[in-house]
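As the structure is a computational prediction, the values presented were derived from the model and not from experiment. Atoms considered below: every heavy atom in the structure, side chains included; atoms not considered: hydrogens, waters and symmetry mates.
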Amino acid sequence: MRSFLAVLFLCLSPLVWAAEVDGVRVWAGPEGTRVVFDLSAPVQHDLFTLHNPERIVLDIKQTRMTTDELPAAAGSLSRIRHARHGEINLRIVLDLKFAVRPKSFLVKPNTTYGHRLVVDLEPVDMKPVKVVKAITTNQWREVVIAIDAGHGGEDPGASGRKGTREKNVTLSIAKELARQVNAEPGMRAILVRNGDYFIKLSRRMDIARRHRADMFISIHADSFRDARVSGASVYALSRSGASSEMAKRLAERENASDLVGGVKLSDKDDLVRYVLLDLSQTATLSASLSIGDHVLSGIGRINKLHKDEVQTAGFAVLKSPDIPSVLIEAAFISNPDEERRLNDKGHQRRLSAAVLDGIRKYFYYTPPPGTQLAQAQRSGAAGNRTYVISRGDTLSGIARQHRVKVNMLKLANNIRGDRIRVGDVLVIPGGS
């Protein structure tokens, strides 16, 4: 009888939890801090902010904390505290280092994680990205390549059979490609992300635009249920994807101005705005396909191709009317052989060199105005001064003699290293 009453008491007890928080993770990056709570089931929650000191409070209904492992301070987060709130609710307090703009949302299970409650903490002083206007001085600038390592942080991307995560290999390849681009005369790389943190897809292109990028390259690794499928692919934005983005940009009269060379659109009628944006986007799509062709050709010399022509799709990360963009699926991470190669540093170097070869060919044919590449092309085409290399000459010595920069000398003569041969004729570009 006593045991029966005990069971009955438990059944009638109000202490019934609908969900548990069984894990907490924090990802910090320059764009903000993300706190992720792993859940056993979906939850209802309320979020509010308190000041002096700064903190975020989460009240989660019918939930309890079952993990004692809480992450250390990172980004804007200094500490996580929790306690029971009422009979069966959970209160979580995020102590902050400074004021933030919080946003919370629930995420459904995927192949890696179960139900999650995500809280994004964006610094309140983070201003919207504004396109930097073109430099109007006579200084020739470098071509800027924005290199985007796909996924990151809470988003691991695809996984290989041996546990390789897409977010890790894409970052490794992106860093190697950036290293090689920075060693190229007249070019400069910027990494959209340089660590293991998540950046929203729309924000990735904003970062590229902030740095006045001339090209945007997103690195990914493909996956398929059949492990035999292999090969690399290159994608550009499809026309359908471009059309949907056009509609969005047309609604953003002020923001869209920077995408057509700073021409004010707010006082233009719908037809004029459509035509201006369409011209900008058509030129960008054409350039993207041309870049894709050059990059695909370079990759094809060192790697099997999954498709031998540039594919088109509506990838969100490519939807920019003003920056030519391509997405590279470097290999199938689901293929054991390609998973191994993706982790191989030598293969990463060769792959990056092949991509750089495509970038180089595209820009040598169509250098952006005002860049060192354009200046070098103009100098070579104009048949400027020439110099015949003699025994004992060096590039640095020839550059000093003619009062030009070494990188300009290399650009004008398409020289990649430092070796020169006696008897060769160099074009001496005009001063910068």
Side-chain angles (χ1 to χ4, degrees), residues 22-27 29 34 36 38-40 67 69 71 107-116 118 147-179 191-199 201 204 217-235 295-296 298-311 313 315-318 326-355:
D22 49 29
V24 184
R25 300 185 304 281
V26 174
W27 308 94
R34 169 166 286 191
V36 182
D38 291 312
L39 305 170
S40 61
T67 179
E69 298 182 7
V107 182
K108 294 180 180 180
N110 58 21
T111 56
T112 305
Y113 300 111
H115 291 280
R116 283 153 289 157
V118 178
I147 304 172
D148 171 48
H151 307 280
E154 173 65 9
D155 176 16
S159 296
R161 293 193 171 187
K162 293 187 176 181
T164 302
R165 289 188 165 184
E166 183 180 0
K167 67 174 183 178
N168 296 329
V169 294
T170 59
L171 182 59
S172 184
I173 293 170
K175 286 182 175 180
E176 174 59 26
L177 177 57
R179 184 191 68 80
L191 284 168
V192 173
R193 75 171 174 96
N194 57 12
D196 187 14
Y197 50 85
F198 179 78
I199 301 177
L201 295 179
R204 294 173 189 245
I217 293 182
S218 190
I219 309 292
H220 289 256
D222 221 332
S223 179
F224 194 65
R225 60 180 178 274
D226 186 345
R228 295 171 296 179
V229 177
S230 62
S233 304
V234 176
Y235 288 85
V295 170
L296 191 69
I299 294 176
R301 288 194 288 271
I302 61 101
N303 200 87
K304 177 185 175 182
L305 296 178
H306 183 61
K307 297 286 186 179
D308 59 2
E309 61 182 18
V310 178
Q311 307 297 294
F315 288 112
V317 77
L318 300 180
V326 295
L327 183 147
I328 299 171
E329 297 280 9
F332 276 83
I333 200 170
S334 51
N335 179 293
D337 289 337
E338 294 202 334
E339 179 185 7
R340 176 183 54 80
R341 284 199 294 273
L342 283 171
N343 283 298
D344 181 73
K345 295 298 182 183
H347 179 73
Q348 292 177 4
R349 285 192 296 272
R350 291 188 293 273
L351 178 66
S352 298
V355 174

Practice item. Please report the shortest heavy-atom distance between Ile173 and Ala330, naming the atom on each side. Key: CD1-CB, 4.3 Å

Review point. Salt bridge (Lys or Arg N to Asp or Glu O under 4.0 Å): which pairs involve residues 154-163, sequence neighbours left out?
Key: Arg25-Glu154, Arg116-Glu154

Review point. Which value, rounded to the nearest 0.5 Å, describes the distance between Ile219 atom CD1 and Leu171 atom CG?
Key: 11.0 Å

**Study point:** OG1 on Thr164 to CD on Glu166, rounded to 0.5 Å
**Key:** 11.0 Å

Review point. To the nearest 0.5 Å, how far apart are CZ in Arg165 and CD1 in Ile333?
Key: 10.5 Å

Check your understanding: Please walk me through it: do His220 and Asp222 pass side-chain contact (heavy atoms from CB on, under 4.5 Å)?
Key -> CA-CA 7 Å; His220 289 256; Asp222 221 332; over 6 Å; no

Point to revise | Pairwise side-chain contact, Asn303 with His347, heavy-atom cut-off 4.5 Å (strictly under) | key: yes

Check your understanding: If you round to the nearest 0.5 Å, how far is NE2 of His151 from CG of Asn168?
Key -> 11.5 Å

Revision key, fill the gap. The side-chain contact (heavy atoms from CB on, under 4.5 Å) partners of Arg340 (sequence neighbours excluded) come to none

Revision key, fill the gap. To the nearest 0.5 Å, atom OG of Ser159 lies from atom NZ of Lys167 at 9.5 Å

Practice item. Determine whether Pro156 and Tyr113 make a side-chain contact, defined as any pair of heavy atoms from C-beta on separated by less than 4.5 Å. Key: yes

Check your understanding: After noting the C-alpha distance and the side-chain angles of Asn335 and Val229, does the key distance pass the side-chain contact (heavy atoms from CB on, under 4.5 Å) rule?
Key -> CA-CA 7 Å; Asn335 179 293; Val229 177; over 6 Å; no

Review point. Would Gln311 and Ser233 count as having a side-chain donor-acceptor pair, cut-off 3.5 Å?
Key: no

Revision key, fill the gap. Gln348 and Ser172 have their tightest heavy-atom pair at OE1-OG, 2.6 Å

Review point. When rounded to the nearest 0.5 angstrom, what is the spacing between CG in Leu39 and CG in Asp22?
Key: 7.5 Å

Exercise for review: Check ring pair (Phe, Tyr, Trp, His ring centres under 6.0 Å) between His306 and all other residues, then give those that pass, not counting sequence neighbours.
Suggested key: Phe332

**Study point:** Contacts of type salt bridge (Lys or Arg N to Asp or Glu O under 4.0 Å), residue Arg179, not counting sequence neighbours
**Key:** Glu176

**Study point:** Heavy-atom pair of closest approach, residues Leu342 and Ala221
**Key:** CD1-CB, 4.0 Å

Practice item. Give the minimum heavy-atom separation between Val310 and Leu296, together with the two atoms involved. Key: N-CD2, 3.7 Å

**Study point:** Closest heavy-atom pair and its distance - Gly29, Tyr197
**Key:** CA-CG, 3.6 Å

Review point. Which atoms form the tightest heavy-atom contact between Arg193 and Thr170, and what is the distance?
Key: NH2-OG1, 3.6 Å

Review point. Partners of Lys108 by side-chain contact (heavy atoms from CB on, under 4.5 Å), sequence neighbours excluded?
Key: none

Revision key, fill the gap. Contacts of Pro71 meeting side-chain contact (heavy atoms from CB on, under 4.5 Å) (sequence neighbours excluded), chain-then-number -> Val24, Val26, Ile80

Review point. Does the Glu338 side chain pair with the main chain of Pro336, one donor and one acceptor, at a distance under 3.5 Å?
Key: no

